[in-house]
Amino acid sequence: MQLKRRKITKWLILLSLFILLVGCQKQQSSADSIVILDTKMYSNKKNIKVNEPFIATAEIKAKKDIHKDTTVEFEIIENGVSVGTAEPTYKGNGKYSLELMFSSKGEQIITAHINYKDHYEMPFLTLNVGE
C-alpha cells in the first residue's frame, strides 16, 4: 500500500514539474512577441512654398524588421479638409516616403496611418505652406 502511494506521489511530482516547465516556456514566448513601435513624421524641407515639391517621410523603429507585415498610407489634409490618401514608397530602414506638393498656402497636415498586426499608429506632420 505504501509502495503504491510512493509511485503515485512520484508521478504527481513529475507531472507538476512538466506542467510548470511548459507554462514557463509559453510565457516566455509571449514576452518575445511583444513589439513596441516608435513612429515619427518629418519633411526634407523646413520652409515649404506653394507648388514646390518636397518629400514627407514616416519612420518606424522596432526591435525587429516588421516591413513585410506593415501597411502605411498617408492622408493629406489641406486647410482642414482631407483631400485624399496616397501610398508611400518603402525606402528601407523603416522609412516610407512620398513626394508631395501643395497648391494653396496655409496649414497643411500629413497623417501616416501605420498598421502592424494589432498595432495602429497615426504620427502626423504639420506644415505652414507659404507663397
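Just so we're clear, the structure is a prediction, and the values are computed from it rather than from any experiment. Counting begins at 1 with the first residue of the sequence.
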Rounded to the nearest 0.5 Å, what separation is found between the [atom1] atom of [X] and the [atom2] atom of [Y]?
X	Y	atom1	atom2	value
S43	L125	OG	CG	6.0 Å
N115	D69	CG	CG	11.5 Å
E73	H113	CD	NE2	6.5 Å
I109	M41	CD1	CE	11.0 Å
I66	H119	CD1	NE2	8.0 Å

Legend entry - Hydrophobic cluster membership, V50 vs I77, 4.5 Å side-chain cutoff: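 Hydrophobic grouping puts V50 apart from I77.
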If you count every heavy atom of other residues, nucleotides or ligands that lies below 6.0 Å from [X] atom [atom1], does the total exceed 12?
X	atom1	value
F124	CZ	no
K45	NZ	yes
E52	CD	yes
N44	CG	yes

Determine the minimum heavy-atom distance between [X] and [Y], stating which atoms define it.
X	Y	result
F74	A56	CE2-O, 3.6 Å
G106	N79	CA-OD1, 3.5 Å
H67	Y96	ND1-OH, 3.0 Å
T111	M122	CG2-CE, 3.9 Å
K95	Y90	O-CD1, 3.5 Å
N51	S103	OD1-CA, 3.6 Å

Side chains of [X] and [Y]: does their closest heavy-atom pair fall under 4.5 Å?
X	Y	answer
F102	L127	yes
T89	K91	yes
T70	L37	no
I110	L98	no

Inset, instruction - Without swapping roles, check the side chain of D38 against the backbone of K61 for a donor-acceptor pair under 3.5 Å. - result: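 Flag not set: sc D38 to bb K61 has no pair under 3.5 Å.
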Inset, instruction - Show the numbers, then the answer: is there a side chain to side chain donor-acceptor pair (under 3.5 Å) between T57 and S97? - result: CA-CA 4 Å; T57 300; S97 296; 2.8 Å; yes
Inset, instruction - Start with the C-alpha distance between I36 and K63, add both sets of side-chain angles, then the distance that settles side chain to side chain contact (heavy atoms under 4.5 Å, CB included), and finish with yes or no. - result: CA-CA 8 Å; I36 297 172; K63 289 188 176 185; over 6 Å; no
